[in-house]
Amino acid sequence: MTAAMTATLFQRLSAAAAAATHRRFSLDVSSQLLRTRGYVHGRWVSAPSDFPVLDPATGMEIARVSDCGPEDAKRAVDSAYSAFYEWKQYTAKERSLLLRKWFNLMTQHKDNLARLITFECGKPLKESLGEIAYAASFLEWFSEEARRVYGDVVPPPIKDRRILLLKQPVGVTSVITPWNFPSAMITRKVGAALAAGCTAVLKPAEDTPLSALALAELAEQAGIPAGVFNVVPCSREMAASVGRVLCTDPLVAKISFTGSTATGKMLLKMAADTVKRVSMELGGHAPFIVFDSADVDQAVNGAMASKFRNSGQTCVCSNRFLVQSGVYERFVAKLGAAMDAQLRMGHGSEADTTQGPLINARAAEKVGQQIDDAVSQGAKVLRGGRRLHGSFMEPTLLVDVTADMLCVREETFGPLVPVIRFDTEEEALALANASNVGLAGYFYSQDISQIWRVSEALEVGLVGVNEGLISTAEATFGGVKESGMGREGSKYGVDEYLEVKYVCMGGLNV
Ligand code: ADP
């Protein structure tokens, strides 16, 4: 980020009078999709109080949403439980067609849905449109997978028996989602759950309930029956009590969560009492390794894509850049130049913005602390480094970083590139694997043997080889170690919502 660009942004956002800013950045979406109440058993339900949804770029309130409580959550669970007995009787083809209609409606309303994302989570409109396409792709994918849930007929060891393995839906699923993908984290779970024949109760993140409620509106328009998909939005203050119902109610069979490792561990403990099935997508700490054998331009492109998407706020964003000595200077120089040329901070609704704000001031503060810590231990700031207006954080390039610095030990969730120099492949792998989490990992190499060695040695659930953006509905998503358990997307995604039942037919006259 050049000084001139930074100054422009700073003046533009801080000097504007509140009223003018309000006019300039007001949420303008179809009223049909701007839903602000909970959605339980096919009805829009109010709560005694509501909570504000803020535009993180301006800090202004864009809507107030019903603050659902534990009683609403219980009603939603009961609704999902009663709906389950009907929904699982639908044929796979019927469920498939309804998911397909939901997909079509998302595609039809993509512009409005994208604006909701940009205003409640801050990401640039182009990325929001990308998220809607990605989110919808899970409904499409699982509408197709719904019809391919096959069991097995197994050769029996005893002549007069036949062995069948049936796949059946687990039941009511509680879905708890984060703010950084307000739409895609919902469809990736709910699409799979509904395809399997499960019903769902969703608690969206308090920062981004509008995208979730718009999805409920479209589910209803698609004809998904009452109770099959319920949404209970609530404030952060209410999250623990709503979460307790969703994670302990005996009628709930399964919990699917995406969020921080700390919250995931808490939910896991609650799930234990009633032995619920769990899928957990938790934090990441992705290494991005550039070997001497890499195509450096390709590596720079990958670094830009995997680091700066959503201003660095995705769990698969590169978090630690390990660069081999032979290409270190070249990579750093080219990355700095690409940051100058390509990154532009601003409100997500403006066409040239590539970097929106972080979700809140706390998030920006955390990045600031990591930078201060690194600098105090000898790292150098080559680009950016400053916290700006509100929760805007300059894209920052740090060199001379060492493994004991905070930014290498902790997930950043912000636009910070800390670069560590290494000499050997063994050293890079040791650094990359020195983490208690393992979600994504990326590396750049043109050496085919090295590509196999490193792909197999990285302790992560997703590997990008010469690619910085790899998530897709067709492939698995999920981590190892404390990054979680279970896999979403792909042909395995539906399995998370299925039990396998063994049926033995004996005494046959065959
Ligand atoms: P972040 O700190 O980025 O918001 P969290 O893991 O805390 O990450 O949030 C992810 C989701 O978990 C959000 O929907 C949030 O409301 C929810 N959540 C947070 N605490 C609890 C809790 N005690 N019980 C249930 N859900 C929770």
Side-chain angles (χ1 to χ4, degrees), residues 38 47 51-54 56 65-70 72-74 76-77 117 120-123 173-186 188-190 200-213 215 230-249 252 254-274 276 278-285 310-317 319 357-367 391 410-414 437 439 479 482-485 488:
F51 66 99
V53 182
L54 306 179
V65 168
S66 298
D67 197 2
C68 291
D72 302 298
K74 177 60 184 152
V77 168
I117 292 182
E120 61 181 354
C121 121
K123 70 175 70 167
T173 300
S174 290
V175 174
I176 301 179
T177 51
W179 50 264
N180 62 340
F181 285 94
S183 194
M185 293 307 97
I186 296 172
R188 193 157 78 180
K189 297 171 186 307
V190 174
V201 178
L202 164 69
K203 191 208 88 57
E206 52 278 2
D207 313 272
T208 58
L210 299 176
S211 295
L213 295 168
L215 285 182
N230 305 275
V231 185
V232 283
C234 70
S235 62
R236 188 68 175 197
E237 291 69 37
M238 206 63 101
S241 58
V242 166
R244 181 158 298 108
V245 172
L246 298 187
C247 297
T248 61
D249 192 293
V252 172
K254 156 102 194 178
I255 300 166
S256 182
F257 172 75
T258 295
S260 64
T261 305
T263 301
K265 286 179 182 175
M266 234 163 50
L267 304 189
L268 266 175
K269 284 180 188 148
M270 283 200 275
D273 272 347
T274 43
K276 299 194 190 311
V278 285
S279 299
M280 296 267 149
E281 302 291 352
L282 309 178
H285 192 27
N310 201 7
S311 297
Q313 301 173 108
T314 86
C315 46
V316 291
C317 274
N319 213 55
L358 300 194
I359 189 67
N360 53 38
R362 205 162 22 100
E365 222 166 87
K366 180 179 177 192
V367 183
S391 58
E410 277 183 0
E411 189 179 19
T412 304
F413 241 62
V437 295
L439 186 55
E482 292 185 22
S483 284
M485 53 186 75
E488 299 194 311

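Order of listing sets the numbers, starting from 1, for every ligand and every atom in it. Scope of the values below: all heavy atoms of this structure, side chains included, with no hydrogens, waters or symmetry mates.
With ligand atoms numbered from 1 in the order given, ligand 1 contributes 6 (O), 10 (C), 11 (C), 12 (O) to contacts under 4.0 Å with heavy atoms of Phe257. Counting the atoms of ligand 1 from 1 in the order shown, those under 4.0 Å from a heavy atom of Met266 are 22 (C), 23 (N).
When atom types are taken as modelled, the side chain of Asp67 and the backbone of Ser235 share a donor-acceptor pair closer than 3.5 angstrom. The closest donor-acceptor contact from the side chain of Thr248 to the backbone of Arg244 lies under 3.5 Å. In this structure a side-chain-to-backbone donor-acceptor pair under 3.5 Å is present from Ser391 to Leu358. Side chain of Asn230 to backbone of Ala200: a donor-acceptor contact under 3.5 angstrom is found.
In terms of protein heavy-atom proximity, atom 9 (O) of ligand 1 is closest to Arg236 NH1, 3.8 Å. Distance from atom 11 (C) of ligand 1 to its nearest protein heavy atom, with residue and atom name: Thr177 O, 3.6 Å. Shortest contact from atom 20 (N) of ligand 1 to any protein heavy atom: Thr263 CG2, 3.6 Å.
Note on ligand 1: Trp179 sits in its first shell, one or more heavy atoms being nearer than 4.0 Å. Between Asn180 and ligand 1 there is no heavy-atom distance shorter than 4.0 Å.
Partner of Ser279 under the side chain to side chain donor-acceptor pair (under 3.5 Å) criterion, out of Glu488, Lys189, Lys254: Lys254 alone.
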task = Step by step, work out the salt bridge (Lys or Arg N to Asp or Glu O under 4.0 Å) result for Lys265 and Glu482.
result = CA-CA 9 Å; Lys265 286 179 182 175; Glu482 292 185 22; 2.8 Å; yes
request  = Could you walk me through whether Lys123 and Glu120 pass the salt bridge (Lys or Arg N to Asp or Glu O under 4.0 Å) test, one step at a time?
outcome  = CA-CA 9 Å; Lys123 70 175 70 167; Glu120 61 181 354; over 6 Å; no
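For ligand 1, the polar-atom distance check against Glu206 finds a nitrogen or oxygen pair separated by under 3.5 Å. Of the N or O atoms in Arg244, none lie within a sub-3.5 Å distance of an N or O in ligand 1.
Remark: Thr261 OG1 to Met266 CE distance equals 12.5 Å, nearest 0.5 Å.
If you check each of Gly243, Pro233, Ser260, Gly283 against atom 5 (P) of ligand 1, the one with the closest non-hydrogen atom is Ser260.
Here Leu267 has side-chain heavy atoms under 4.0 Å from ligand 1, and that is the only part of it that gets that close.
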